[in-house]
Amino acid sequence: RGGRLQEIVFRNFYTAFVSVRVQRARGPRRWLTCVRRRRLMASPHAEQGAQDYFSLPRHQMLCDVDQVTAVRFILRQPSPVWLHFTIEELQIFPPSQKSPPKDFPSWLSALTPLPLPASRQELPDPEKVSAEAQQMWVLTEVIRARQAAARIGRFDVDGCYDVNLLSYT
Amino acid sequence: MVDAEGGLSLTIARVVQRLRGSSLHSQLERQARVSPGPAPALSTGFFYFTGWEKKLQNAVYSELNVFPSPCHPAAPPEHMKEPLAYMRKAQGSWEKRILKSLNSMCTELNIPLAQKRPASEQKELLNKWNEMGTDEPDLSLFRPVYAPKDFLEVLMNLRNPNYENGEQPSFRNHLGLIQVPLKVKDIPELKEDFSELGLNIGQLGIDDSAQVPPEFFENEHVRVGQKVLAEQDSAAAQQYVRQGCPTALRAELWALILNISNQPEDILYYEQLKSNVIQHNLLVDSLIYKDVKLTASNDDYYFVFEDYLYQVLLCFSRDTSVLEHFAYSSATPPKSYIRGKGELQKSFCFVGVIPFHGFSMYVAPLCFLYHEPSKLYQMFREMYVRFFFRLHSISSHPSGIVSLCLLFETLLQTHLPQLFYHLREIGAQPLRISFKWMVRAFSGYLATDQLLLLWDRILGYNSLEILAVLAAAVFAFRAVNLMEVTSLAAAEAVLADLSTLKVVPLLQIFLFATVT
């Protein structure tokens with residue numbers, strides 16, 4: 001039992017990375033990773049790719065995806081600025097039903113893909129870091145300007161700091 | 001998002017489909033029929049020697065430049081217009097607001113949106129087609145539908161509902177007016193993109209000044225330009241204009257880049273539009289009149305072109321081919337229900353580009369380059385569907401006005417933090433001053449020679465980002481004076497006159513010679 005996977009199509013909603021794990025009918029009941037940390041947003045803090053459509057075709061999967069009985073999606077979003085993140089309009093296609101019709105000759109799809117850039121910078125560019133530090137500087141200025149407004153009441157935050165404080169009385 | 005190979009084949013399929021419907025295709029077909037021999041048209045040699053190869057190449061190149069790369073096949077069409085749902089919604093409600101205001105103007109003044117002109121009026125208009133400026137209709141009741149200032153208010157209130165927007169300043173909010181978390185380029189990325197503006201590369205706008213002998217750069221550059229023109233290669237022309245166009249070659253080079261050839265059928269098309277103008281009277285016409293009278297006619301450089309502007313803009317408001325750009329623009333054309341069928345319905349094409357205060361300034365600089373109305377018209381239409389529509393619609397495109405505003409604010413904040421903070425504290429947010437420059441692509445603010453040098457770069461890089469860079473560079477240039485002002489009005493006064501500025505040195509210094 002279990003089905004063959006040809007392609008997974010979904011619309012992203014503010015997920016930065018997705019991993020997919022599958023469980024197969026035969027063999028030990030283990031979860032196997034077939035897509036590992038696929039990047040969906042170019043920068044987790046910025047909109048690019050946040051609401052785009054993506055597909056994960058069979059030939060990009062790391063393990064054999066025949067006789068799949070369960071699929072598990074692991075969504076990651078390292079940036080704290082988004083309220084929610086999820087994936088929507090999830091569609092899983094078996095081989096017989098090739099996802100969207102593609103109206104171009106087959107020789108076109110046999111072109112070689114571009115090599116992926118593999119270089120990774122060792123250290124961030126100091127100029128870039130200093131440029132970003134300007135925002136911190138303005139924030140300190142803003143805070144200094146409003147100093148008298150309110151105390152940073154660490155312990156009287158309502159609700160969200162509900163650690164039971166030790167009391168001596 | 002599609003993978004590289006799928007994307008490429010989709011692109012090819014689309015370009016082939018688009019070219020099938022073009023006049024180039026029918027010309028090629030005719031040529032193939034008349035040429036003797038068994039299927040000689042298919043051999044590469046034929047293409048090469050008859051010059052068809054270049055024409056085909058230019059057509060493909062122009063398609064690639066105009067249309068965005070295809071998105072995922074599962075994506076609905078509105079996704080191609082704008083991938084972010086909340087931006088689509090914002091654009092939708094902005095359009096609704098504009099339409100409401102148009103409708104209320106119609107009912108208030110009791111005039112129809114469109115109406116057929118009586119025969120006598122048609123005749124009169126035809127007679128004074130070349131001197132429409134002499135007509136002085138009473139337009140005191142009309143008002144521009146919106147001005148850049150109103151649009152800025154909309155952009156300022158744009159928020160991502162999935163983003164944590166606190167009222168208090170934190171690392172999450174931007175300190176400027178735009179609060180949308182789009183990715184914009186920083187200086188190192190811009191340096192790489194605009195590498196031809198570098199300090200050790202010759203530039204028209206710097207190296208052609210009177211002090212520099214022309215044999216250093218100018219003569220050679222002009223010679224290369226002539227060669228590019230002789231080759232008739234769009235891609236080469238685009239690369240060439242990144243260093244600026246010699247004045248004598250600009251008109252032809254720009255037309256080559258945009259693949260405008262002014263064929264007999266194009267002239268015929270223009271004449272058709274003209275007859276549409278003569279037959280029907282649209283409400284938009286009055287708005288166009290009003291706008292030209294308010295802006296271009298008052299401008300020292302452009303007032304002479306008043307009649308050209310009417311001709312081009314009136315035809316533009318009837319051109320249905322402009323509707324094609326709504327496939328990739330976040331905007332949607334307004335629709336209207338027409339009572340009764342027949343002629344009126346067919347010819348009533350409300351193109352959906354509603355002129356705002358200053359719209360005619362997109363056309364005015366082109367009048368310096370093209371004197372033939374049909375060519376001028378085509379150039380403007382192509383410039384509009386490639387670039388200018390992005391300056392007044394809400395989208396997340398890197399050349400869209402939202403990204404430009406954010407790029408401007410980010411550049412200014414990271415490179416002149418003291419100035420940015422000072423202006424913010426006195427209530428003169430820099431974007432409030434620079435917004436109108438960017439919405440009009442600086443037309444009407446710079447001296448014309450400088451403006452054309454700037455537009456050279458827009459065409460050369462196929463991007464409007466240079467507008468934001470220039471706006472930031474202007475602030476940097478006036479930083480010392482701006483640090484001394486204490487109010488928005490004073491800051492505006494410092495930056496009121498940009499007509500003495502030299503664009504290319506400003507850009508170069510800001511991008512390449514500023515120590516950060």
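In what follows, every chain begins at residue 1, and chains take the letters A, B, ... in the order their sequences are listed. Keep in mind it's a predicted model, so treat the numbers as computed, not measured.
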Heavy-atom count check: over 12 atoms from other residues, nucleotides or ligands less than 6.0 Å from [X] [atom1]?
X	atom1	value
Lys191(B)	NZ	yes
Arg159(B)	CZ	yes
Gln23(A)	CD	yes
Phe512(B)	CZ	yes

What part of [X] is in contact with chain A, defined as an atom under 4.5 angstrom from a non-hydrogen atom: side chain, backbone, both or neither?
X	result
Asp186(B)	side chain
Val180(B)	side chain
Gln418(B)	both

If we ignore hydrogens and angles and just use 3.5 Å, is the side chain of Asn162(B) paired with the main-chain N or O of His84(A) as donor and acceptor?
yes

Considering residues at least two apart in sequence or located in another chain, which fulfil the side-chain contact (heavy atoms from CB on, under 4.5 Å) criterion with Thr486(B)?
none

For Tyr14(A) and Asn160(B), work out which heavy atoms get closest and say how close.
OH-ND2, 2.9 Å

Here the pair of heavy atoms bringing Ala46(A) nearest to Leu182(B) is CB-C, 4.1 Å

Pairing residues for Tyr86(B) by the side-chain hydrogen bond (donor to acceptor under 3.5 Å, both in side chains) criterion, not counting sequence neighbours
Glu47(A)

Distance col, row Arg88(B):CZ vs Gln51(A):CD, nearest 0.5 angstrom, shows 7.0 Å

